[in-house]
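Residue numbers begin at 1 in each chain, while the letters A, B, ... track the order of the sequences.
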Amino acid sequence: MSVVSSPLKNGNGAAMAFDSNGNDDIKREVKEETMSDDDVPWGELVKRDKKDKKNKQKRNYNDEDGDGDEPVKKVSKKSSKLNGKRGSDDESEDDYKPKSKKKTSSGKKRARGSSSDEEEDDDEQMSEELSDEEDFKPQKRKSKSGDKSKPSTSSSAKKEVKKEVTKKKVKKEEDVEDIWEWWKEDKKPDGVKWNTLSHMGPLFAAPYLPLPDHVNFKYNGEVMKLSLAAEEIAQFYAGVLDHEYSTKDAFNTNFMKDWRKYMSTKERERIVDLRKCDFRQIDTFQKEQREIRKAMTKEEKLKIKEEKEGEMKIYGIAVIDGHRQKVANFRIEPPGLFRGRGGHPKMGMLKKRILPEDVIINCGKSSEIPKPPPGHRWKEVRHDNTVTWLCSWTEGVLGQNKYIMLNPSSKIKGEKDYEKYETARRLKKIIGGIRDRYTEDFRSKEMRIRQRAVALYFIDKLALRAGNEKDVDEAADTVGCCSLRVEHIKTFEKAKLNEGDKKEKEFVVEFDFPGKDSIRYYNRVAVEKRVFKNVKLFLEGKAPRDDLFDRLDTASLNEHLRSLMPGLTVKVFRTYNASITLQDQLIKLTNPKDNVAAKILAYNRANRQVAILCNHQRAVSKTFDAAMEKLEQKIKDKKKEVKAAEEALKSARGAEKEKAQKKYDRLKEQLKKLKISRTDKDENKQVALGTSKLNYLDPRITIQWAKKYDVPLEKVFTKTHREKFRWAIDMVNTSDEEYVF
DNA sequence: CACGAGACTTAGGATTGAGTAC
DNA sequence: GTACTCAATCCTAAGTCTCGTG
């Protein structure tokens, strides 16, 4: 864990002394060149003025408003009767022509201390925990506070047995998180995230291991021994040689610029052209190392595994309010090259090694402060119980904060997750009203309200993300709903939604934009006439790079939503629509008479609908075609078998006949299954089911489904899922009622 | 009251490792 | 046993949304 020897100090080490001297030429190059793949239409990096987002065009909509498909003044009557909620309808009369956005920002009241008052409970708990903390280390608080009225639903059965037998056995359990059935407890008042917190701090990246002497870097064909700092960074680049990154100008330019900062003066003089750098020996060496690792004996592998477990025991657990909880990312991110996605302007920049001096520790006031590695100290130690993180540092490339937080199985995450789904369920209750409302608002005389309504329609119907503004130099050009631009939208009075469609639909809007992670969102949808007219109106007279919703941003949209329901934000719609889709599809697709395999298929189908809705994509795997080929072959073979069986059946007589029939049916069934799995595989080619399962689908729907149809939960939930959703498993399984989202 | 910092959730790709085929 | 394959897990980037502040 010692970090001392790292050449990549980010502090004031000598290596740092050189800054960006003389690299201006390089910088300029980046700007001028198009640095991303040309095959991606939106990949072009036309520099946009950072500001142009902020002052959205203030246009005068006097004229435009008139040409909606009906006079707008009529609308005003309607809108005012709509409901009282929406503040001053009258004053907005003259609002007709949009003025610069006026925001009623002050949604300030915050839900802060508004809620419960379960203090006594917490107090009690706290005092208990305080004592816990003195020695943080192993101790048997296992069944603390007698909160287990029933045997825990622990994952390991052996555990339960042991528990009864003897307390000594607890030893084994000390390394693991304990089962905290927080959902049976009262909630803490808002704002306070914990009362006591202790942990062992982060685990730092292994120190740099220099290359052996026979592995050489070459410049311009000649061997060149690099300084330690330069060598380490050279290794990072060697690691990316097989990757597409190494072909991108932005990556290479950024890399070169940063690398040169860490070179010795001599190196910097000499190494000026990346194309003359030869990392191949390093690359080979790294690959060899990987092979060696793979080829290790069982014993060696076991040893490594045990070492890892050892680290996990120390750094992987935090004690929070007296409960042992898993930590998520206790390993500090090792140094490397920044792998920004899409056309990220900073890709290839150096991510420096993080030292204890960069790290802020957050822990309980009375808990033992984790020890920094010898010879080091923390940047800061604080005791902030309004946040959930244990450690934080500032990442160097984008200057953002990074955190070490608890595992999703922890109370602190689980409770939040539970709340998320409860909020989505509250939305379910009022979604009808909200839809009525935004449908009315399509006719509002106020441009910003119309835009808001149409945006909300898209968000609701298509599960789009909110689309916050982004800083052009700090991130790839991607958009969400509110930041859609004219160039991302096409309208068709009539069009086919898909290539193969027979019929054309009316009022089709086509979306084609890079979303989160630069994943393409492409979709054609038939929309309501009034939406269509509005979209055309919003597009009118604008340049391709202008905002579609020039009177709208996420803040005002969320503010509006909050007025409709506490806790309602844009992303709740995604959660709601994902979960309700799963529930509906499961009802539609599950056949109780099916066997387990078929039910699982139905589940995956339902899951897939959600993934498609949310546009969760994955890259087609390299082996996909080969795997498909194999499957096709299998199908062919099976078809032959079926045919043979069919022949046999024809010629069979008497008892033989029955047998032949059976065989034929069986083969036929197998063929059907193979075909299904082919369809399944094909449909899943580019669809990622995992993201929705982990983040959007109320786990109780799945658990209820498994319970109802006798599907073992582990067929649809991995161990990680079951840990994360322990609350949901318990809730559904201990209830007599069927869970309905 | 806009704006940036901060905190937390969501995301796809890379890596690992368990299961299966050979 | 070894090789291969794919699902599970790890990693960390990239979103969302809130809050404090000048």
Side-chain angles (χ1 to χ4, degrees), chain A residues 53-55 101-108 110-112 191 193 239 243-244 290 293-295 298 301 304-305 308 328-334 336 338-342 344 346-347 351 362 384 386-389 392 394-395 397-403 405-408 412-413 416-417 420 465-471 474-476 478-483 515-519 553-559 561-562 567-572 574-575 578 614-619 621-624 626-627 630 681 684 686 688-696 717-721 723:
Chain A
K53 273 275 145 172
K54 319 234 141 118
N55 33 11
K101 343 182 151 181
K102 51 162 201 190
K103 295 229 192 115
T104 48
S105 92
S106 56
K108 269 310 146 170
R110 227 14 352 163
R112 267 295 132 114
K193 307 292 173 65
H243 199 280
E244 201 193 340
R290 242 171 283 153
R293 266 184 80 89
K294 245 195 337 203
K298 254 191 231 123
K301 280 184 180 165
I304 289 184
K305 198 175 169 190
K308 277 209 152 169
N329 54 326
F330 57 84
R331 284 167 218 278
I332 292 248
E333 296 173 15
F338 179 71
R339 294 158 90 101
R341 305 191 255 246
H344 197 115
K346 296 200 166 181
M347 63 169 76
K351 260 178 64 163
N362 190 34
D384 182 354
T386 67
V387 296
T388 67
W389 52 267
S392 77
T394 304
E395 169 266 332
V397 174
L398 299 169
Q400 296 171 143
N401 290 348
K402 296 276 197 162
Y403 305 93
M405 292 186 183
L406 293 178
N407 195 78
I412 237 161
K413 295 292 185 189
K416 205 75 186 300
D417 207 37
K420 173 179 80 185
R465 295 188 187 82
N468 284 307
E469 286 173 18
K470 298 173 76 186
D471 187 332
E474 299 287 320
T478 64
V479 299
C481 187
C482 294
S483 50
K516 183 176 180 183
D517 294 303
S518 296
I519 296 293
D553 60 36
T554 54
S556 59
L557 181 51
N558 277 330
E559 192 187 311
L561 292 176
R562 211 160 38 230
L568 187 59
T569 62
V570 171
K571 84 189 189 82
V572 178
R574 248 166 105 79
T575 310
C614 295
N615 200 38
H616 291 142
Q617 298 190 24
R618 60 175 183 175
S621 95
K622 275 182 223 146
T623 57
F624 179 85
K630 244 181 181 170
K681 200 179 186 78
N684 244 10
Q686 315 195 65
L689 303 187
T691 303
S692 50
K693 197 186 273 190
L694 203 60
N695 298 304
Y696 286 104
F717 273 179
T718 68
K719 180 163 145 282
T720 319
H721 287 124
E723 278 168 12

Quick check for you: among [options], whose closest atom lies nearest to any side-chain atom of [X]?
| X | options | result |
| --- | --- | --- |
| A/V570 | B/dG6, C/dC17, C/dT9 | C/dC17 |
| A/A466 | C/dT16, B/dG6, C/dT9 | C/dT16 |
| A/F338 | C/dT12, C/dT9, C/dA14 | C/dA14 |

Could you check how far [atom1] of [X] sits from [atom2] of [N], rounded to whole Å?
| X | N | atom1 | atom2 | result |
| --- | --- | --- | --- | --- |
| A/D553 | B/dA2 | CG | C1' | 10 Å |
| A/R562 | C/dC17 | CZ | C1' | 9 Å |
| A/H721 | C/dT9 | NE2 | C1' | 11 Å |
| A/E723 | C/dT9 | CD | C1' | 11 Å |
| A/I332 | C/dC10 | CD1 | C1' | 16 Å |
| A/L398 | B/dG6 | CG | P | 14 Å |
| A/K193 | B/dA7 | NZ | P | 10 Å |
| A/W389 | B/dG6 | CH2 | C1' | 10 Å |

Counting the atoms with a prime plus P, OP1 and OP2 as sugar-phosphate, which does [X] contact under 4.0 Å by heavy atoms, base, sugar-phosphate, or nothing?
| X | answer |
| --- | --- |
| A/P408 | nothing |
| A/K294 | nothing |
| A/G467 | sugar-phosphate |
| A/T623 | sugar-phosphate |
| A/A627 | sugar-phosphate |
| A/S392 | nothing |
| A/T388 | sugar-phosphate |
| A/G515 | sugar-phosphate |

Just how far is it from atom [atom1] of [X] to atom [atom2] of [Y], taken to the nearest 0.5 Å?
| X | Y | atom1 | atom2 | value |
| --- | --- | --- | --- | --- |
| A/T478 | A/K470 | OG1 | NZ | 2.5 Å |
| A/L694 | A/L689 | CG | CG | 12.0 Å |
| A/N558 | A/K571 | CG | NZ | 10.5 Å |
| A/N615 | A/R574 | CG | CZ | 8.0 Å |
| A/D517 | A/H344 | CG | NE2 | 12.0 Å |

When you measure from the side-chain N and O atoms of [X] to the phosphate of [N], is any distance below 4.0 Å, counting only OP1 and OP2?
| X | N | value |
| --- | --- | --- |
| A/N468 | C/dG15 | no |
| A/T718 | C/dA7 | no |
| A/H344 | C/dA14 | yes |
| A/N401 | B/dG6 | yes |
| A/T569 | C/dC17 | yes |

Legend entry - ring pair (Phe, Tyr, Trp, His ring centres under 6.0 Å) partners of A/Y403, counting only residues at least two apart: A/W389
Inset, instruction - Tell me which of A/E395 and A/N558 sits closer to the 5' end of DNA chain C, going by the nucleotide each one is nearest to. - result: A/E395
Inset, instruction - Please tell me which of A/A476 and A/R331 maps to the more 5' nucleotide of DNA chain C, matching each residue to the nucleotide holding its nearest heavy atom. - result: A/R331
Legend entry - Side chains of A/T554 and A/N468, donor plus acceptor under 3.5 Å: yes
Inset, instruction - Could you run through nucleotides 10-22 of chain B and give me one letter per nucleotide, 5' to 3': B if any protein heavy atom sits under 4.0 Å from the base, S if only the sugar-phosphate is that close, - if neither? - result: BSBSS--------
Inset, instruction - Step by step, work out the salt bridge (charged side-chain N to carboxylate O under 4.0 Å, His left out) result for A/K346 and A/E474. - result: CA-CA 7 Å; A/K346 296 200 166 181; A/E474 299 287 320; 3.1 Å; yes
Inset, instruction - Under the side-chain hydrogen bond (donor to acceptor under 3.5 Å, both in side chains) rule, collect the residues that match up with A/Q686, sequence neighbours excluded. - result: none
